[in-house]
Structure formats: C-alpha cells, structure tokens
Protein chains: 2
Amino acid sequence: MPTIKEVALLAGVSTATVSRAMMNPQQVAEKTRRKVEAAIAEVGYSPNAIARNLRTSESKTIVVIIPDIENMFFAKIVRGIQTIAQQQGYKVLLGDTVHNATLANDYLELVRSKQADGVISLTAELPKVLQHGTSMPMVMACEYFPDFPIPTVRIDNQAAAYQAVKYLLELGHKQIAYISGPLDNPICIARSAGYRQAMQEAGYSINELAKEEGDFSFHSGHAAFERLHRQYKMSALFCFNDMMALGAMRSAISLGLKVPDDLSIVGMDDLLFSQYTDPQLTTIMQPQTLIGETAMQILIKILNAKTVHQDNVLQTQLLVRSSSRRYQKL
Amino acid sequence: MPTIKEVALLAGVSTATVSRAMMNPQQVAEKTRRKVEAAIAEVGYSPNAIARNLRTSESKTIVVIIPDIENMFFAKIVRGIQTIAQQQGYKVLLGDTVHNATLANDYLELVRSKQADGVISLTAELPKVLQHGTSMPMVMACEYFPDFPIPTVRIDNQAAAYQAVKYLLELGHKQIAYISGPLDNPICIARSAGYRQAMQEAGYSINELAKEEGDFSFHSGHAAFERLHRQYKMSALFCFNDMMALGAMRSAISLGLKVPDDLSIVGMDDLLFSQYTDPQLTTIMQPQTLIGETAMQILIKILNAKTVHQDNVLQTQLLVRSSSRRYQKL
DNA sequence: TTGAAAGCGCTAACAC
DNA sequence: GTGTTAGCGCTTTCAA
C-alpha cells in the first residue's frame, strides 16, 4: 500500500502539501494540486483512515447496534438512519449483538477508540457500566433505560399497549392473553402496564396465566402460544411485536384454531409482511423509518456539540386488519 | 479518555511495560503486572484501538457487504459469518448498500484504509474497478463475478433452477413462468439457463412472455406477478427467491387465484417464513448458515496469507411443501 | 524483566 | 503557497 510519502516524493512536494491537496484543495495552487492528483492516481494511493483518525479523532462513521438482525423490525429503522447519515456524509456500520451485551461492548469500543464518532443503539441489552450513563455520543432508539438521561427516540409503549387491548375489549373480548418480550425489558414493563390499565379500567382482574414470555422472535412467539393455549382459555391475544404475533398465529392455526373466528390477534410494529399474511395482521404501527431518521438527526446534533437531551416520543397508530373481529360466543 | 501514559505514570513503570502487560502478560513480572492492572482499573483505561491498529496494521475486524438488509435471506448468512468470526476473535461490521455500488465503495474503503482487515461481499453490485480483480482480502458469497478469480462460496445456480423447473414439469405443468432477479445479474443468468435447460429437455419452447424481472424484494415479486398474470397464462411459477415468491403468492391470491390449485409456486432460499405461510412455500433450500461459515473460514485463511482461490459450491435441496401440486386441467 | 526511543501514516501549527 | 516539524497513542526492537 502506497503512503502519502511516496505520493509526495513522486509529486515533488512535501507530505503536508499532499495532505492539504486532499483536505483543503482551495488553499493549494492549482498547478501543484494537479501534480499531486496525478501522483495519487499513478501510485493508486488511498489515505490510511486509521492514521487520519488518530490525528483528527473523527471518523465520520457511526455505529448502529442491533440486537437481532433476523428481526425485520430493525431493517426499516436502519434505512431511516442511513438516509440521514448519507445526507450528512456519515458512514453507517451495523453491529448485530445476537442479544449479547458482551458483543455490544465490542461495538461501543469502536466509539471509545475513535473508529466511530457515535452510536445509535436499538437495544438496551448493553454492558452494565453503560447503564449508569455514558459520556460517548449515543442515542437510544425504541428501547431505553428509564432512569438515565440518554437521548431517546421511542413510542409511548404503555399507551400503545393500552390502545391495543382497549380495542379488543371494545370488540367484546374478555379473555385477553398476551405474549410479552423479555419480562425485565423496560418496554415490556411499560406495555404490560398498558395491558393492565386497560383490563382494570374495564373491570377485569389480571390472570397470571394469561401471560407468556418470548424474546421477540418468530419462534418464541410460536412456542409461547403453545404454552398459553394449554394453560389459558382466551378469545383474543395481544403480542408485543409482529414477529411473535406471526409465530403465534401460525401456531394457533396449526392447533386447529381459526383466526379471527376462534381467536383475535393483535400485534405491534407493522412489518412489511404483516399486511400480507393470511389473515392480515391487525397491529399497532410504529413509524420505523421516522424513528431511524429522528435518531440520526439527534445524534448529529450531539456530535456537533449542541448537546441536547431529548426524549422523543413518536406517534403510533392502530391498523385494523383481518386477524381480529368482534367476540362471538362459541 | 485516559491513555497508556497515564497508566504508566500511575503504575510507576514505562508505557512499554504497560503495553506488554496487556499483550504478553507472561513476559512481565507478576508483581509489576498487578500494579499495572490496578492502575488500568483505577483510571478506567481502555486501549485506543486506532493507535494500536496503526502500529500493528491489523484491526481484527471484517466487513460484510449486504445489498438489502430488508431481505431476510442475508440474516442467517450473517449469523454464520459471526459464529466463525467470534471464534477467531474478529469483529463483524455490516454495511447495507441498498443496491448501490457507490455505497459499497465506502465499505470497501474501510479495508483499503486499514479500518478493517477484509471483506465478505454478499453482492456483486460493486464498483466497476473492483470487478477486474482486487488485491484486498475478499470473498464473495452467493453472488459472484463469473470471470474473475475471487474466492467464492455459492450454490450451483443453474442446477438449482433446473431442479425446480424439472420438478414442476414432472408434476405435469407445461406453462411454467418465472420471475427473475435483475437480468444482468450472473446468478440470474445461471438460473435462467437452468430454466431453459429443463424446458428444452422436456421439448417445450421458451416463451419470452413467461418471464418477468424483479429485484429480489417482496414488493417486486408482487408487482412482477401482476404483470405476468396479464401477459401469460401459466399453471406454475418459479421465483428466483423466496421473498419474490411470497410477494407473487400474495398477489396471486388477491387476484382470486387459488394456490396451489390454480397456480403452483416454487421459490428459492428457504426463509424462516417460507414454511409458515399459507400455503407453505415449496422451495429450493440454500444452506444459509453454512454459506456464511464457509465464507468466513476462507477469509480467515486468506488473512493468514494461506492464499487460496477456491470456488466453493454447496448443496441445495428441494423442499416440497404445499404451494405446489400436480397439474390439473381446469 | 524493564526502559528508551523509534516510528506506524497522517494532519495542523508555525514558519518562511 | 509551501515546507518543516511535532505529535496523535500505541507496540516493538534494542540495550541495559
């Protein structure tokens, strides 16, 4: 690999001039600039970003931490991030943690070591140290730590769950079960609260058997429904995301249930596929692209030292499709 | 951010000793090592990877280039790559190009500029220069350049398509249409050849109207089927991937067709969802995890300078499910 | 077993 | 407008 030295030698100038020709072309004479450019082309030089970053401590790169690349929910968010990033000249690197905080640490390391300027985390499964606040440029999207002031963009999880369950109640359902994500996850805690709020408002008591835990994956939804089906008689089911809802729906169908006749299902997210399943999935839509765009915009503000702590709460929307219907006595 | 200097100062040793305590603990005295470790802990030191990489010219990081993060096909491949990478102490960074060769170049830049040691590309949509061979450590997976000797891991695309179409022919279908990916894509060219081979062997001529082009996305499959349905009367459809097959299947159903009674559909990949749609999708399975693992193993060999050119062809398998059935006169 | 010192490739102050 | 020089934080000879 050719270095800046060789280019300088060939162009007959100093390395500083070569550097300037690249970083601030206008402050080097037209003629020398062309010599430099010719030399760069001739030796096939490409600057060593590591050395450059070491010097400037800026990489124009950001890292996005994703807990599970198999969960399609994150794809659109990433796209939103990329749109803004590209406009502002940032590269986006993705890190899949497979729900592993240790792996997440590797990606955070990129920021600490200046290989990336900032990080957007789509998961709260991060190393413990970090959960007590951090000095690195970081924004959380979707998930969050309730007690620490990290800039966040998210939805109102409790209100969203409340809306879903209220909708089912209004359809006349009384036995409403739900499949949660990891129970200690803040967004799941909030959504559970929304469920309870709606049920209690309607005068129903909470049955512990009406709840099962998954990990947001399709398979976990499938498995959770099988357990639920054995332990609790329900006419409606609310799942904390669409992947699990789709898994649960498949499980229900293969257990011989008709959706929505025997079981109404409501999910959350609104994935690409959710409108194309059979039946089409009723769900609470999260504005995925907007979440990504907003997160990136906030990160850019932070990087420009306009330090802001914001807790951005975006709007959700109930999309009624055909996996849910009015309760009917069987 | 504390540097090695501060640690050295606090521990009362030289920076060299601190460095050794981290890199080669055994060659520093037990006692000093403990002093160093204490100092590291006290100041909260974490080595600056940039500086380290600059020195060692090795980043223990690899980049995976993905053409479309929304296509679930790549998720399992990435997981395969990660498994091996982690075992060998490599970090994996993902770059989504949104089918854009310019963006792909940004990610290749990471390797040129030493921010990453090598690259695995899951797409052939790369800058033109690169297609004439490259000196950077790189392996292609799934897609490939037919004429350049880049180590590759892939399936036998022609044989796989042949197998799919042959299967439909054996079911008695004659009017077999197909939805291709981008027509200039080498894997699509190979799969088209497989289609033609099977049709011609069976004594059928090739009807240009029996073909439509998509971009491997769900939506493109949906749209392609609508066009196809207008221009060609078919009893069976082969799609070059599952995403498009699922899109086409939804389109067919909403046009009032019964799958598989009115239309048999065969896809390719075997996505997580493909076995859970209704009807379940018959498809040609690609060993996604194995593709990822193999690609990473080859890349590691290359990085260890055991330069190998390999063209690894992995096995596919026809999975007969319920989206296809014997041809019946209507 | 440890320290001094050179240098990875680059950019930015400062001089000319 | 351009060159000289220092130094980003680290690893690694070379000597002691």
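Everything quoted here is computed from the prediction, not taken from an experiment. In what follows, every chain begins at residue 1, and chains take the letters A, B, ... in the order their sequences are listed.
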Determine the contact category for A29(B): base if any of its heavy atoms lies under 4.0 Å from a base atom, sugar-phosphate if only primed atoms, P, OP1 or OP2 are that close, otherwise nothing. sugar-phosphate
Scan the side chains in residues 34-44 of chain A for donor-acceptor partners under 3.5 Å anywhere in the protein, sequence neighbours excluded, and list what turns up.
from	atom 1	to	atom 2	distance (Å)
R34(A)	NH1	E30(A)	OE2	2.4

With sequence neighbours excluded, what pairs up with E293(B) under the salt bridge (charged side-chain N to carboxylate O under 4.0 Å, His left out) test? none
Sub-3.5 Å pairs of nitrogen or oxygen atoms, protein against nucleotides 7-9 of chain C:
from	atom 1	to	atom 2	distance (Å)
dG7(C)	N2	R55(B)	NH1	2.9
dG7(C)	N3	R55(B)	NH1	3.4
dG9(C)	N2	A51(A)	O	3.3

Please report the closest heavy-atom contact between R79(A) and I69(B), naming both atoms and the distance. NH2-N, 3.4 Å
Minimum heavy-atom separation for I62(A) to Y90(A), with atom names?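 Shortest heavy-atom contact: CG2-CD2, 3.8 Å.
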Tell me the bend of the helix from dT1(C)-dA16(D) to dC16(C)-dG1(D) as the angle between end helix axes, each from five pairs, rounded to the nearest 10 degrees.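 Taking five pairs per end, the axes differ by 40°.
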[X]: partners by side chain to side chain contact (heavy atoms under 4.5 Å, CB included), with sequence neighbours left out:
{"X": "Q297(A)", "answer": "I84(A)"}
{"X": "S217(B)", "answer": "D215(B), H219(B), S220(B)"}
{"X": "S14(A)", "answer": "A16(A), T17(A)"}
{"X": "I189(A)", "answer": "none"}

To the nearest Å, give me how far apart NZ (K114(B)) and C1' (dC10(C)) are.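 Whole-Å distance recorded here is 15 Å.
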Under 4.0 Å between a side-chain nitrogen and a carboxylate oxygen: does that hold for E70(B) and K76(A)?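 Yes, this pair counts.
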Interface limits on DNA chain D, where chain B has a heavy atom under 4.0 Å of a nucleotide atom: dG9(D) to dT13(D)
Determine yes or no for a side-chain-to-main-chain donor-acceptor pair under 3.5 angstrom, with Q86(B) supplying the side chain and T83(B) the backbone. no
So if I take residues 32-39 of chain B and measure heavy-atom distances to DNA chain C, which residues fall below 4.0 Å?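 Residues of residues 32-39 of chain B that come under 4.0 Å of DNA chain C are, in numerical order, T32(B).
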Report the residues that fulfil side chain to side chain donor-acceptor pair (under 3.5 Å) with D117(B), sequence neighbours left out, ordered by chain and then residue number.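 If we apply the side chain to side chain donor-acceptor pair (under 3.5 Å) test to D117(B), skipping adjacent residues, the hits are S59(B).
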Test side chain to side chain donor-acceptor pair (under 3.5 Å) on T56(B) and E58(B); report intermediate values, then the result. CA-CA 5 Å; T56(B) 60; E58(B) 195 188 49; 5.3 Å; no
Please list every donor-acceptor pair under 3.5 Å in which a side-chain atom of residues 18-27 of chain B meets a protein atom from a residue at least two apart or in another chain.
none

